[in-house]
A.B. asks: 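My questions will all concern the structure given below.
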Amino acid sequence: LKMSWFWLYLPLHLLMASCLCHSVKAPTTSSQQSFKSNLFNFYHSLILADGKETTIHLLKDIPKRYYFVLEEGRALAPFSITVTPCDVPIEWSILVYKPPPGKAAPGDHDTQEVSKSHKASSMVSTIFNYKGNSVETYMGMSSHSALYLLEFLSTERDTHITVYLTTDTTSGHLYPELPGDPRIDVIGIGPTTVTLAWKHSPSVLQHSEGIQYCLLVNEKHNYKSLCAAETAIRASGMKLPPTVALSLSPYLLEPQQVMILSNSELSIINKVSSGEVRQVCMGTKNTYTVPNLSPSTQYYFDVFIVNLLTNASAAYTGTFARTLEEPEPKVTELKDGKVIHVVLDGKKQKFYSLQYQARHKKIHFTFQLCQGQIRVHITRNGKTVASENLSGLRYFSLKGKLLDTYSVQLRSTEESNSSVKVLASPHFHKPLFPLLPESLKIKSFSKLRTCRSVTIAWLGTQEESKYCVYRKRIEEDQIWRELQSADRCSGPESRHKSEKVLCKYFYDLNLQRAVTTETIKGLEAGTLYLFDVYLFGPSGIPVRYHSKVVRTRKKC
């Protein structure tokens with residue numbers, strides 16, 4: 001089929017003139033008024049492009065009209081129109097004008113006028129109308145030349161839509177095809193994960209290149225098109241990339257967006273007022289496990305099949321699921337004077353509960369943070385008595401009644417592993433952990449650095465204690481890993497014997513003078529070294545100072 005604009009302009013002009021002449025000769029009937037109104041609509045409409053997706057902006061309560069012409073080219077001429085609302089429900093309809101079959105037969109003047117009125121009303125007819133926000137496609141067949149008018153109206157608010165007209169139904173599809181069953185199946189639910197599966201699109205099976213699945217996760221509702229999803233996110237205050245938001249546009253991320261790229265999957269997380277909106281494109285895989293969800297929360301899942309070459313997409317039937325409640329953490333009993341080492345997996349197990357029944361009125365809790373970040377929450381008989389983020393070595397002295405029940409909940413505040421040592425005891429005068437100085441930092445003296453030696457210093461206490469110094473040669477790219485992964489509860493037993501420098505005892509009753517220095521010799525020029533100091537108390541439990549990285553001078 002072809003577009004014949006010459007056919008359109010000339011006959012339409014003559015038809016308008018003919019219509020105006022008839023209105024002068026005879027009384028105007030309602031059918032004639034309708035006919036003239038429709039011709040006026042055709043005359044004041046825009047041309048709808050064939051084979052191209054057109055974006056149309058609609059103002060509230062103001063109709064917008066587009067037209068196209070089908071010229072007779074063969075016995076039956078197919079065409080299709082797909083309309084995608086990008087926000088609120090709209091009303092749209094298709095009207096068709098068919099040219100009169102010929103001149104009326106001669107006869108009585110009144111009979112001719114009635115005949116003309118009848119023909120006028122039959123020339124323009126509505127062949128399709130729809131109201132809603134779903135993606136709708138009309139498939140038509142024309143056996144003769146015809147002029148078509150599309151009318152669009154939004155009664156709720158200003159919005160926009162996309163319209164795709166094609167008269168070439170044999171050379172492929174702009175939109176990826178959906179399978180016969182376009183539903184999304186929920187095949188697994190956990191406290192923080194939901195596993196989804198869906199049937200493959202025929203477009204993926206036929207043309208895997210340039211076609212991929214994209215998933216949208218949110219806490220509000222399902223979306224019937226990718227266009228609607230993008231509009232909703234923008235309305236929440238989020239600016240999305242101008243290209244397909246779910247495809248590959250990470251270079252245009254906004255400050256409220258977080259991009260995660262792992263295992264060939266692109267994830268974009270939008271922080272909006274109504275919660276997170278996650279977007280994940282996973283290539284041609286038709287199963288996906290959504291991670292890091294909140295327990296006991298309802299989520300809505302939409303899968304779109306996207307053609308990256310044309311930005312056209314089709315939506316599967318959305319689904320929803322509620323994550324399971326977080327399982328009650330296992331409760332471990334604390335015993336007097338016994339140290340418990342708790343390790344928390346930031347991804348799987350974020351909580352750990354301990355319980356202690358007091359046999360004395362005054363109780364002392366000691367926490368030594370070994371790795372990561374942990375928050376502690378202590379309750380006595382159900383009432384909160386302490387809650388804070390742990391740092392280094394922390395003591396809590398609490399006074400209550402005999403047989404009071406204390407609950408200690410430990411929570412990891414980051415994704416990586418965290419660990420802590422916990423001790424409960426009524427005897428604070430016999431601590432298992434050493435007395436700590438005001439600071440656990442190691443200081444190095446830049447002016448005392450040479451090509452072969454480094455001088456460091458650290459604070460001590462009023463209690464005579466043992467201090468051991470260790471050194472380790474490292475490379476530039478190992479600094480971050482060494483500092484972040486350091487287990488502050490591990491003792492020298494985890495170190496290689498060749499890394500030991502010395503051990504010494506010291507103390508000073510005057511805390512202002514409780515500081516010691518040490519010059520480590522036998523180093524290599526221009527080399528990075530990691531220095532550690534371990535403090536041992538009466539019980540032998542070590543406390544590790546914060547590691548210090550120092551580079552020797554290149555030239556002396």
A.B. asks: Give me the one residue out of Val163, Ile56, Leu149 that meets side-chain contact (heavy atoms from CB on, under 4.5 Å) with Tyr66.
C.D. replies: Ile56
A.B. asks: Taking the side chain as every heavy atom from C-beta outward, state whether Glu151 and Arg65 have any atom pair closer than 4.5 Å.
C.D. replies: yes
A.B. asks: Please enumerate all residues that pass side chain to side chain donor-acceptor pair (under 3.5 Å) together with Lys64, with sequence neighbours excluded.
C.D. replies: none
A.B. asks: Less than 4.5 Å apart, side chain to side chain, heavy atoms only: is that true for Gln409 and Ser353?
C.D. replies: yes
A.B. asks: Indicate the atoms forming the closest heavy-atom contact of Ala321 with Ile189, along with that distance.
C.D. replies: CB-CD1, 4.1 Å
A.B. asks: Do Val88 and Ser154 come within less than 4.5 Å of each other through their side chains, counting heavy atoms only?
C.D. replies: yes
A.B. asks: Would you name the heavy atoms of Asn133 and Asp87 that are closest together and state the gap between them?
C.D. replies: CB-O, 4.1 Å
A.B. asks: Closest approach of Tyr316 and Arg183, non-hydrogen atoms and distance?
C.D. replies: CD2-O, 4.4 Å
A.B. asks: Going by ring-ring contact (aromatic ring centres under 6.0 Å, His included), name the residues that satisfy it together with Phe128, two or more places apart in sequence or in a different chain.
C.D. replies: Trp92, Tyr138
A.B. asks: Could you pull out all residues at least two apart from His221 that satisfy ring-ring contact (aromatic ring centres under 6.0 Å, His included)?
C.D. replies: Tyr223
A.B. asks: Looking only at side chains, do Tyr213 and Ser201 share a donor and an acceptor under 3.5 Å apart?
C.D. replies: no
A.B. asks: Would the distance check show the side chain of Ser418 and the main-chain N or O of Ile374 forming a donor-acceptor pair, the cut-off being under 3.5 Å?
C.D. replies: no
A.B. asks: Mind running ring pair (Phe, Tyr, Trp, His ring centres under 6.0 Å) on Tyr97 and Tyr67 for me, showing each step along the way?
C.D. replies: CA-CA 11 Å; Tyr97 165 76; Tyr67 68 84; over 10 Å; no
A.B. asks: In chain order, what residues pass the ring-ring contact (aromatic ring centres under 6.0 Å, His included) check against His341, with sequence neighbours excluded?
C.D. replies: none
A.B. asks: Indicate yes or no: at least one non-hydrogen side-chain atom of Cys370 is less than 4.5 angstrom from one of Lys421.
C.D. replies: yes
A.B. asks: Would you check if the side chain of Thr297 reaches a backbone N or O of Pro295 as a donor-acceptor pair within less than 3.5 Å?
C.D. replies: yes
A.B. asks: Test your reading of the model: is there a side-chain donor-acceptor pair from Arg322 to the backbone of Ser296, 3.5 Å cut-off?
C.D. replies: yes
A.B. asks: State, yes or no, whether a side-chain contact exists between Gln373 and Asn389 at a heavy-atom distance under 4.5 Å.
C.D. replies: no
A.B. asks: Going by side chain to side chain donor-acceptor pair (under 3.5 Å), name the residues that satisfy it together with Ser225, two or more places apart in sequence or in a different chain.
C.D. replies: none
A.B. asks: List the steps and the verdict of side chain to side chain donor-acceptor pair (under 3.5 Å) for Tyr164 and Thr84.
C.D. replies: CA-CA 9 Å; Tyr164 175 63; Thr84 304; over 6 Å; no
A.B. asks: Could you pull out all residues at least two apart from His160 that satisfy ring-ring contact (aromatic ring centres under 6.0 Å, His included)?
C.D. replies: His57
A.B. asks: Can you name the closest pair of heavy atoms from Thr323 and Pro191 and give their distance?
C.D. replies: CB-O, 3.4 Å
A.B. asks: Please find the pair of heavy atoms, one from Thr284 and one from Ile211, that lie closest to each other, and give the distance.
C.D. replies: CG2-O, 3.6 Å
A.B. asks: Between Pro176 and Ala312, which heavy-atom pair has the shortest distance, and what is it?
C.D. replies: CD-O, 3.8 Å
A.B. asks: When you compare the side chain of Leu369 with that of Arg488, does any pair of heavy atoms fall below 4.5 Å?
C.D. replies: yes
A.B. asks: Tell me if a side-chain donor or acceptor on Asp158 pairs with a main-chain N or O of Leu59 at a distance below 3.5 Å.
C.D. replies: no
A.B. asks: Do Val204 and Asn286 come close enough that some side-chain heavy atom pair is under 4.5 Å?
C.D. replies: no
A.B. asks: Any side-chain heavy-atom pair from Leu398 and Phe365 closer than 4.5 angstrom?
C.D. replies: yes
